[in-house]
Amino acid sequence: MSTVDIKDVTKVWPDGTVAVDHVSLDVKDGEFMVLLGPSGCGKSTILRMIAGLEDPTEGDILLNGEPVLDLAPRDRRIAMVFQDFALYPHMSVSENIGFPLKLSGVEPVPRGEQIGNVASALGIGDVLARKPGQLSGGQRQRVAMGRAIVRRPGLFLMDEPLSNLDSGLRAELRAEITGLTRELGVTTMYVTHDQAEALTMADRVAILRRGVLQDIGTPTEVYGRPATLYVAAFLGAPRMNLLEASVYVHLDRYIALNFGEQALYLPWTDIRARAVAHYHGERIVVGMRAEALTPVAPDAPGDVLHGRIRYLEHHGHESLAYLDIGATAIMVDEMGSAVHDHQVEVGAFSKISAAFSRLTGRPSNGAAPDREETKQESVLGENGRHHRRPAELAVRLAPYPAVSPGHPLAVTVRMDSLHFFDDRGDRIDVGWR
Ligand SMILES: Nc1ncnc2c1ncn2[C@@H]1O[C@H](COP(=O)(O)OP(=O)(O)OP(=O)(O)O)[C@@H](O)[C@H]1O
Ligand SMILES: [Mg+2]
């Protein structure tokens, strides 16, 4: 039905803001493509250029292989649901959904039939006579989607359509949206700043930072093999642990990754060993997700890191321990609200509780009072600003474990799950996917 080709597109606003910077990407027929990135990275601008609401400064956009920059929005067979969608308040649900059909002259009987089909697919068949003011937020959102898809567009553009809804409803609608678009076989581009949403919904994800495309691939590809430090830091909750390591090659044995007080040893049998060995005598960034770390007895053999618990976060189904291992962490700028909702809330909560404990002199529950005051040192890399600070290694534990801050904890590291990045933030690896 529809393919999209964005060819080296740049958008510079009159005030000089570069909103989109030489982005190329293609969307296949029937694909669900998610554009992911923090606020201001150019997501909406890309969608608006595809829809014909803005013109690119440079580059070309093709739909079904045909250049469309000369076509008016209405001639592009595109439906768009906006970030701040609006329904016509004086019209019923049925009239709202049917409005585009009425405009294009569809007779009342077939119109009613199409409205009925779309409404029942969206689970709002029983509220067709109501006005938008008599609907819940989720129902209103479904009406907006119904209005967009009722004309069977070739391409469906959705700009953060769920951002105004509570998290439970969002999760429910995510599955409905992907189910519906797959059922209709309509090519979809979906914008979000929520990495969990992107990973659960997408066939492929394109990750943007400051208008620049950082990585593109299936959720498994971008999560499992992030192309840059930024993508590594952006995807997943808890965030990937990113530690600074100095590399020392022992030709007859292994490659030592020194984290300060401790080291890990990459064997020559590891397929990435030669690539990492190029950095002998230099500092690189080693990424380890919480799932690559398993708590073990302190005297366990193998690839083990030892630390002390600085603080714990309880998430119900699991607890996270943050370990001081005497290493330096690299923090990446502009993560925005990329983290999972509950992490944002927990983060905000620990700030408040830390402030509370400073006021009262009493230790707060769970969060270390000095967590937010950890000393940071900033370095401006080629790919943006990174910060160095004492590492707090995130480790998954069973819910409400019998440990508390101050306890020692040892973890084994799955060496084959480590990620390596150079000082520009690019992945160090064998080959390119
Ligand atoms: N009409 C405009 N004139 C000047 N600058 C603009 C205009 N519209 C957007 N921008 C700027 O372009 C950049 C990209 O904006 P865009 O709306 O595409 O971001 P976004 O990724 O959709 O962000 P959000 O997640 O907050 O919606 C931002 O720096 C924004 O301030
Ligand atoms: Mg936007």
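Each ligand, and each atom within it, is numbered from 1 in the order the structure gives. This one's a predicted model, so the numbers in the text were calculated from it and none came from an experiment. We're numbering straight along the sequence, starting at 1.
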Specify the closest pair of heavy atoms between A290 and N241, including all atoms of both residues, with the distance to one decimal. N-ND2, 4.2 Å
Can you pull out the closest protein heavy atom to atom 23 (O) of ligand 1? Residue, atom name and distance to 0.1 Å, please. G40 N, 2.7 Å
In this structure, atom 8 (N) of ligand 1 is nearest to the protein heavy atom W13 CZ2, 3.3 Å
Region of H193 engaging ligand 1 - heavy atom pairs below 4.0 Å: neither
Please tell me if the side chains of R272 and I255 come closer than 4.5 Å, counting only heavy atoms from C-beta onward. no
Looking at ligand 1, does any of its N/O atoms fall within less than 3.5 Å of an N/O of S39? yes
Ranking K43, K11, E160, R48 by closest non-hydrogen atom to atom 21 (O) of ligand 1, top hit is K43
Check ligand 1 against A19 and write out every atom of the ligand that is under 4.0 Å from a heavy-atom position of the residue. 12 (O), 13 (C), 14 (C)
Taking atom types as modelled, find out whether T192 and D194 have a side-chain donor-acceptor pair closer than 3.5 angstrom. no
Determine if the distance from atom 13 (C) of ligand 1 to the closest protein heavy atom is below 4.0 Å. yes
At a 4.0 Å cut-off, with the gap strictly under it, does some heavy atom of C41 reach an atom of ligand 1? yes
Counting only N and O atoms by type, is there a donor-acceptor contact under 3.5 Å from the side chain of R76 to the main-chain atoms of V68? yes
Within the stated cut-off of 2.8 Å, is an N/O/S atom of S44 closer than that to the Mg ion (ligand 2)? yes
Any salt bridge between R424 and E282, counting N to O under 4.0 Å? no
Which residue holds the protein heavy atom closest to atom 27 (O) of ligand 1, what is that atom called, and what is the gap in Å? Q83 NE2, 3.0 Å
Can any side-chain N or O of R140 pair as donor or acceptor with the backbone N or O of P132 at less than 3.5 Å? yes
L35 vs L25 side-chain heavy atoms within contact, under 4.5 Å: yes
Might you check, step by step, whether the distance between atom 31 (O) of ligand 1 and some protein heavy atom is under 4.0 Å? no
Where does T45 meet ligand 1, judged by heavy-atom distances below 4.0 Å: at the side chain, the backbone, both, or neither? both
For ligand 1, which atoms, with element, lie under 4.0 Å from some heavy atom of T17? 29 (O)
Report, in ascending order of atom number, the atoms of ligand 1 lying under 4.0 Å from any heavy atom of S44. 17 (O), 18 (O), 20 (P), 22 (O), 27 (O)
When you measure from the centre of the six-membered ring of Y190, is the NZ or CZ of R174 closer than 6.0 Å and no more than 45° off the axis? no
Reported CD-to-CZ distance for the pair Q214 and R209, which is rounded to 0.5 angstrom: 6.0 Å
